[in-house]
Amino acid sequence: MKPWLVKEWCIPQADAEFVAKMEDVLDVYQRPYDPSRPVVCIDETNKQLILEKRIPCKPGEPEKVDSVYVRNGVADIFMISEPLAGKRETVVKQTRTAIDFAEVLRYTADELYPKAEKIILVTDNLNIHAPSSLYKAFSAEEANRLTKRFEWHYTPKHGSWLYMAEIEIGVMSRQALAKPLPDFESFEKQVRNWTVNRNARCVKINWQFTTADARIKLVKLYPTIL
């Protein structure tokens with residue numbers, strides 16, 4: 001998405017807090033690739049599981065689906081994306097709580113990046129996206145250890161266009177989840193296949209919008225200095 005094409009009502013006007021967080025995230029995105037300090041974006045989404053009813057038809061006739069369907073629960077997907085490396089990992093769960101987020105953080109730190117000196121984490125301001133979630137899930141010692149593994153950066157409110165994890169989620173939704181899936185098992189398999197295939201192609205995000213660009217194209221966001 002080109003940030004300067006975002007409708008004006010989507011972002012606040014002359015908001016110093018927005019600008020500060022925006023520039024912080026843009027500065028992070030401009031850092032050179034460093035495998036010892038990977039930039040990782042984490043976000044989540046959910047999808048309704050839909051159990052459709054097929055109508056019997058004769059050989060040679062097109063498939064028929066009844067307009068009546070059964071809601072079969074919800075699946076939550078956590079996206080762990082490292083844009084500069086062209087890598088992403090997905091974790092499918094049945095809930096999206098602080099405990100779930102804490103478990104994803106531990107998985108990221110201990111399984112995906114065990115040798116990283118520091119994980120540069122970019123996330124949004126959802127209430128569970130905080131070190132406090134770690135303290136709800138683990139002992140104080142473990143929560144403190146994990147908190148220190150991450151360098152925390154937050155996108156501003158109304159700044160979803162800054163969030164590269166949302167770009168990955170959007171691609172996944174279009175490529176793998178456009179059609180409804182009937183149950184958790186088939187949903188998890190579909191997401192896993194997409195993740196493996198996209199990683200095999202090492203698809204990266206070519207982020208080109210910089211802090212210097214923001215100061216020109218989004219000048220209306222910057223407070224006037226009196």
Side-chain angles (χ1 to χ4, degrees), residues 17 20-46 75-157 159-169 171-172 188 191-192 194-196 198-200 202-207 211:
E17 182 179 358
K21 290 185 176 181
M22 175 185 70
E23 290 206 350
D24 176 59
V25 171
L26 291 175
D27 287 346
V28 168
Y29 288 167
Q30 292 174 64
R31 296 182 187 182
Y33 176 64
D34 183 354
S36 68
R37 300 177 67 86
V39 175
V40 176
C41 305
I42 298 181
D43 195 16
E44 65 279 328
T45 188
N46 58 68
D76 293 279
I77 316 156
F78 285 83
M79 174 67 69
I80 308 164
S81 172
E82 187 187 354
L84 291 179
K87 297 192 301 184
R88 74 281 302 146
E89 185 57 71
T90 47
V91 179
V92 180
K93 290 178 171 286
Q94 293 180 314
T95 56
R96 182 178 59 171
T97 66
I99 304 301
D100 294 313
F101 181 68
E103 291 172 348
V104 167
L105 288 181
R106 180 155 75 170
Y107 174 66
T108 301
D110 294 349
E111 301 294 331
L112 299 181
Y113 301 97
K115 297 181 180 180
E117 175 186 327
K118 183 79 74 171
I119 300 167
I120 314 304
L121 175 64
V122 178
T123 187
D124 65 14
N125 288 282
L126 186 67
N127 60 341
I128 65 172
H129 293 173
S132 58
S133 292
L134 293 167
Y135 284 84
K136 293 178 181 179
F138 310 119
S139 67
E141 292 77 12
E142 177 69 353
N144 183 263
R145 178 187 74 85
L146 289 168
T147 298
K148 291 178 179 177
R149 291 294 316 282
F150 295 92
E151 179 183 304
W152 301 74
H153 297 268
Y154 291 96
T155 59
K157 186 178 180 181
S160 61
W161 56 269
L162 278 164
Y163 205 3
M164 284 200 268
E166 283 204 3
I167 295 176
E168 282 289 334
I169 288 175
V171 173
M172 177 185 64
E188 190 173 33
V191 171
R192 172 50 46 193
W194 176 85
T195 304
V196 170
R198 191 162 171 83
N199 280 335
C202 195
V203 181
K204 301 179 182 180
I205 295 176
N206 184 19
W207 186 272
T211 304

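What you see below is based on every heavy atom in this structure, not just the backbone, and it leaves out hydrogens, waters and symmetry mates.
- Remark: side-chain polar atoms of Q30 are paired, donor with acceptor, to backbone N or O of L26 under 3.5 angstrom.
- Checking side-chain atoms of N199 against main-chain N and O of R88 turns up a donor-acceptor pair under 3.5 Å.
- Ring orientation note: the planes of W207 and W161 are close to parallel, at an angle under 30° on the 30°/60° scale.
- You'll find the side chain of F78 stays beyond 4.5 Å of the side chain of T90, heavy atoms only.
- Contact record, T108 with I119: O-CD1, 4.2 Å, taken as the closest heavy-atom pair.
- Electrostatic pairing of K148 and E142 does not count as a salt bridge here, judged by no charged N lying under 4.0 Å from a carboxylate O.
- For P156 against L162, the heavy-atom pair with the smallest separation is CD-CD1, 3.5 Å.
- Residue pairs satisfying the ring pair (Phe, Tyr, Trp, His ring centres under 6.0 Å) criterion with at least one member in residues 84-117, sequence neighbours excluded, are listed as follows: F101-H129.
- With 3.5 Å as the limit, one finds no donor-acceptor pair spanning the side chains of E89 and T195.
- Using a 4.5 Å cut-off on side-chain heavy atoms (C-beta onward), V40 and I120 make no contact.
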**OP:** Show your working on side-chain contact (heavy atoms from CB on, under 4.5 Å) between V25 and V122 and close with a plain yes or no.
**Re:** CA-CA 7 Å; V25 171; V122 178; 4.3 Å; yes
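- Rounding to the nearest 0.5 Å gives a distance of 8.5 Å between OG of S132 and CG of N127.
- Between the side chain of R149 and the main chain of A109, a donor-acceptor pair closer than 3.5 Å is present.
- Neither side chain, T147 nor N144, offers a donor N or O lying under 3.5 Å from an acceptor on the other.
- Counting all heavy atoms, side chain and backbone alike, R31 lies closest to L84 at O-CD1, 3.8 Å.
- The shortest side-chain heavy-atom distance between R198 and M172 does not fall under the 4.5 Å cut-off.
- The residues K93 and E44 are annotated as not salt-bridged, no charged nitrogen and carboxylate oxygen being separated by less than 4.0 angstrom.
- Counting only heavy atoms from C-beta outward, the side chains of R96 and I128 approach each other to under 4.5 Å.
- Between A75 and V92 the shortest heavy-atom distance is CB-CG1, 4.4 Å.
- In summary, the side chains of T155 and D124 do not present any donor paired with an acceptor at a separation below 3.5 Å, with no hydrogens or angles considered.
- Residue L112 holds its CG atom at 11.0 Å from CG of L105, rounded to the nearest 0.5 Å.
- Ion pair E111/R106 not flagged as a salt bridge, since none of the NZ, NE, NH1 or NH2 atoms sits closer than 4.0 Å to an Asp/Glu carboxylate oxygen.
- In this structure, V91 and I77 have side chains that are not in contact, with every pair of non-hydrogen atoms separated by 4.5 Å or more.
- To the nearest 0.5 Å, atom CD of residue E166 and atom OG of residue S81 are 12.0 Å apart.
- Between E82 and K87 a salt bridge is recorded (basic side-chain N to carboxylate O distance below 4.0 Å).
- Taking all atoms of both residues into account, the shortest heavy-atom contact from Y154 to A130 is OH-CA, 3.6 Å.
- One finds a salt bridge joining K21 and E17 here, because a Lys/Arg side-chain nitrogen approaches an Asp/Glu carboxylate oxygen to under 4.0 Å.
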Original post:
Run the side-chain contact (heavy atoms from CB on, under 4.5 Å) check on D110 and L146 step by step: do they pass?
Top reply: CA-CA 9 Å; D110 294 349; L146 289 168; 4.2 Å; yes
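- The shortest distance between side-chain heavy atoms of C41 and Y29 falls below 4.5 Å.
- Note: L121 CG to E151 CD = 9.5 Å, rounded to the nearest 0.5 Å.
- Here the CD1-OG1 distance, from I169 to T45, works out to 5.5 Å after rounding to the nearest 0.5 Å.
- To the nearest 0.5 Å, atom CG of residue D27 and atom NE2 of residue H153 are 9.5 Å apart.
- The two atoms that bring K136 and A98 nearest to each other are CD-CB, 4.0 Å, heavy atoms only.
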Original post:
Going through the distances and angles, do M22 and T211 end up as a side-chain contact (heavy atoms from CB on, under 4.5 Å)?
Top reply: CA-CA 8 Å; M22 175 185 70; T211 304; over 6 Å; no
